[in-house]
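Proteins come first, then strands; the chains are lettered A, B, ... in the order of their sequence lines, and each starts at number 1. Quantities reported herein were computed from a predicted structural model and do not represent experimental measurements.
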Number of protein chains: 2
Amino acid sequence: MAAKQKSRPTYAEIAKLAGVSEATVSRVLNGDTKVDTDRIAAVNLAVEKLGYKKHRAAAALASGRTGLIAVVIDDDLSVFQDPFWGAITNGISRVLMEHEMQTLLLVAPLEKLDSPVAQYLQRGEVDGAIFLQLHKDSLIKLLAKQNLPLVVNGTPHTSNPFSYVDSDNAGGAFAAVRHLVEKGRKTIAMITGDLDNTAAEQRLDGYLAACQELGLPKVKGLVAEGDWSREAGIQHAQNLMQKHPDLDAIFCSNDVMALGAIAAILEAGKSVPEDIAVIGFDDSYLAQNSHPGLTSVRQDIVGLGMEAANMILALVHGDEVHSEILPCELVIRETA
Amino acid sequence: MAAKQKSRPTYAEIAKLAGVSEATVSRVLNGDTKVDTDRIAAVNLAVEKLGYKKHRAAAALASGRTGLIAVVIDDDLSVFQDPFWGAITNGISRVLMEHEMQTLLLVAPLEKLDSPVAQYLQRGEVDGAIFLQLHKDSLIKLLAKQNLPLVVNGTPHTSNPFSYVDSDNAGGAFAAVRHLVEKGRKTIAMITGDLDNTAAEQRLDGYLAACQELGLPKVKGLVAEGDWSREAGIQHAQNLMQKHPDLDAIFCSNDVMALGAIAAILEAGKSVPEDIAVIGFDDSYLAQNSHPGLTSVRQDIVGLGMEAANMILALVHGDEVHSEILPCELVIRETA
DNA sequence: GCTTTTCGTGAAAGCGATTTCACGAAACCG
DNA sequence: CGGTTTCGTGAAATCGCTTTCACGAAAAGC
């Protein structure tokens, strides 16, 4: 049924060939240092000669460690279209593979604490888990309590003790606003993402901090809460233009809304960036292929993935880790 | 080191509670029908009561079946940005999960036959593999020879005996051209993808077939071979406009090139779709968020994934399968 | 009605690693 | 220099499930 292999070598054969016991083979292969140097060499030689590779299932059964790290994706429909998780998973996978660990993909709705995925994770079938697109903390808390090594992508809402990786959303937003100011823009609006989301919140914080520190006059009504959608971009851009005739820049919390805003601006007979400059966030495919080219804040998504993987490896290994914030970079194109 | 569980129930406990032997428990849990009905019920009841879940590693060790299906992604850099594989992997993952199988992600360069991934696959650590973005057939052939159940996404180059899933690329292209003709377009050019790629080839075939069947006059030089990039779209659109002043439509083999073409057309002072209509392929994020809205051929990517998963399940189960071609759908927006 | 199949079942032998435990040798101690 | 530790090592138990095998009972065949 399964593929037939020319039966793989086992510890028994290595032990015989190297003239040691199976226990010693295990010690060598698991990096136990308290083994005679000659024996280590002998075992390694035998391993080499036989082309031996560990049988994962057997190792997992005996040791309780599976060599698997789950990448958990909270599945709502938006996920299908968003290249973000592809990139981050890619980064994770590379790092894990280098360390002989495998990436197990778990895509499922996580709303319930007793969902199949939740149960699966509690069952010890993976050595650790990396959560992407986290909406609620409850499951994580539960798992953390059970000592499952965990890393979260994105800053958690509550100040919980779990480690996370995130982009410097505030810093990226700050850089965007600074760029606009340097270009002489005076009335800079922002269309935020869904503010339930910590990333959206942080980007708003960065915008507000920049406005303050760079001495922009405080104007009411320049911040509009969007929901990441193109429609929100269009709608809010229209409103903003109407309410603020002197509006000369809009910073959007993602590229989709930025493109929506640009469409609305052009529709209104104004030009980008001459009349109104626009900056997006993510430097997605969209920004790179839009016309005119969208200036946007780039996150190092693959880097986030690699960092997350390194953290989980450390945790599994029993080391302490601290959360990581990766810098963002402003990519300047034509719209600002 | 690994998470500590309150020790899970085992066959021993189920057997005792149900008053049968462990062998019978195994039979029931693996769907062996030749067991007394009462005993089946008793076992199921015990399983329920104890909240038992099979220990995968143990089952894998004993049976040689791992319950894992590898999703293999040939890793070149473009993968990072392309939402395609995220969507298809998502489709795969859902179906597998429903069948208690797990999705193992393998992202790595596959150029060599002795790469780590290649070795891994040959080692029987997965029950089957689904290949995405296949560039060369050699590895697949090797694995097929070793009886590893395989499904490929995309039509293979050579007519090999492995099963595959693909979109009806030719049909999609045909529909695009037909739409253009129905809109009264007379001089329809095509910018293809990299023609080493079977999808690009099939889309070209569809275009050519449509031209012929719909009675378009044969004009030399209306087909330009691109490479999927925005730059190719720009460049070829410029050339085409120059060589064919009466050009009134361009069909592109993907959305990225279509957006490039549109940029070039606008740059040349012409309008879309009034002067020149443009249709892309993929109905990606880009098409949905572009301005003006890009008419594009949609593939059912998640459907491809689900189909691939069903096929691999059948193969693992020992059933025969036949390759699947899923229909494409033209999504009409503003550019054509 | 007696032999031959078939059928359901449990005992027990793996699957291939890991890990505990005990033992002899070497190193350390006072 | 006797005695206690430490150290490297192998034998053997173990992980939890699957599967073969043999056996008694029931069904079928003559």
Side-chain angles (χ1 to χ4, degrees), chain A residues 1-43 46-47 50-68 100 123-125 127 316, chain B residues 1-43 46-47 50-68 100 123-125 127 316:
Chain A
M1 207 145 283
K4 268 149 214 157
Q5 322 296 133
K6 29 198 173 233
S7 69
R8 306 167 45 171
T10 67
Y11 274 19
E13 293 166 52
I14 298 176
K16 193 185 298 175
L17 187 55
V20 302
S21 72
E22 293 188 32
T24 296
V25 174
S26 176
R27 290 189 184 104
V28 173
L29 265 51
N30 291 310
D32 189 330
T33 49
K34 301 176 181 177
V35 178
D36 184 88
T37 325
D38 292 350
R39 289 185 145 105
I40 295 182
V43 169
V47 165
L50 296 172
Y52 173 83
K53 297 285 178 198
K54 222 185 275 208
H55 189 298
R56 287 180 161 260
L61 177 57
S63 70
R65 280 173 254 111
T66 58
L68 296 175
E100 313 252 84
R123 226 180 296 145
E125 309 232 2
D127 293 347
V316 168
Chain B
M1 209 146 283
K4 267 150 216 159
Q5 321 296 130
K6 29 197 174 243
S7 68
R8 307 166 45 168
T10 66
Y11 274 17
E13 294 166 51
I14 299 176
K16 193 185 299 175
L17 187 56
V20 300
S21 72
E22 294 188 30
T24 296
V25 174
S26 175
R27 289 188 185 105
V28 172
L29 265 53
N30 292 310
D32 190 330
T33 50
K34 302 176 181 176
V35 178
D36 184 87
T37 326
D38 292 348
R39 288 189 147 110
I40 295 182
V43 169
V47 164
L50 296 171
Y52 173 84
K53 296 285 177 198
K54 222 185 274 208
H55 188 299
R56 285 177 162 264
L61 177 57
S63 70
R65 281 173 255 111
T66 58
L68 297 175
E100 312 254 82
R123 229 180 293 145
E125 309 232 1
D127 293 347
V316 168

As a test of reading the structure: which of [options] is closest to the side chain of [X], going by heavy atoms?
| X | options | result |
| --- | --- | --- |
| B:A23 | D:dT9, D:dT18, C:dA12 | C:dA12 |
| B:S63 | D:dT19, C:dT9, C:dT19 | D:dT19 |
| A:N30 | D:dG10, D:dT18, C:dT18 | C:dT18 |
| B:R39 | C:dG8, D:dG8, D:dT18 | C:dG8 |
| B:A62 | D:dT18, C:dT18, D:dT20 | D:dT18 |
| A:A58 | D:dT19, C:dA17, D:dT9 | C:dA17 |

In whole Å, what is the span from the [atom1] atom of [X] to the [atom2] atom of [N]?
| X | N | atom1 | atom2 | answer |
| --- | --- | --- | --- | --- |
| A:H55 | D:dG16 | NE2 | P | 17 Å |
| B:D38 | C:dT9 | CG | P | 9 Å |
| B:Y11 | C:dG10 | OH | P | 14 Å |
| A:R27 | C:dT20 | CZ | P | 11 Å |
| B:D36 | C:dC7 | CG | C1' | 11 Å |
| A:I14 | C:dG16 | CD1 | P | 12 Å |
| B:E13 | D:dG16 | CD | P | 9 Å |
| A:R8 | C:dA17 | CZ | C1' | 11 Å |

Side-chain donor or acceptor of A:D36 paired with backbone N/O of A:D38 under 3.5 Å: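 Yes, the answer is positive, given that a donor and an acceptor are paired below the 3.5 Å cut-off.
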Under 3.5 Å: donor-acceptor pair, side chain of B:R27, backbone of B:K34: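 Side chain of B:R27 to backbone of B:K34: no pair is present.
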Rounded to the nearest 0.5 Å, how far apart are [atom1] of [X] and [atom2] of [Y]?
| X | Y | atom1 | atom2 | answer |
| --- | --- | --- | --- | --- |
| B:T66 | B:L61 | OG1 | CG | 12.0 Å |
| B:I14 | B:L17 | CD1 | CG | 8.5 Å |
| B:H55 | B:T10 | NE2 | OG1 | 10.5 Å |

Residue from A:K54, A:K53, A:R56 passing salt bridge (charged side-chain N to carboxylate O under 4.0 Å, His left out) with B:E125: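 Per the salt bridge (charged side-chain N to carboxylate O under 4.0 Å, His left out) rule, the option paired with B:E125 is A:R56, out of A:K54, A:K53, A:R56.
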Phosphate-side-chain proximity, A:R123 and D:dG16, N/O vs OP1/OP2 below 4.0 Å: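 Answer is no, no contact under 4.0 Å.
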side-chain N/O A:R65 vs C:dT19 OP1/OP2, d < 4.0 Å: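 Yes, because at least one side-chain N or O of A:R65 sits under 4.0 Å from OP1 or OP2 of C:dT19.
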Under 4.0 Å, counting only non-hydrogen atoms across every strand here, what does [X] touch: a base, just sugar-phosphate, or nothing?
| X | answer |
| --- | --- |
| B:V20 | sugar-phosphate |
| B:T24 | sugar-phosphate |
| B:A59 | sugar-phosphate |
| A:T10 | sugar-phosphate |

Comparing B:K34 and B:L61 on DNA chain C - which has the more 5′ nearest nucleotide: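 Its nucleotide being nearer the 5' end, the pick is B:K34.
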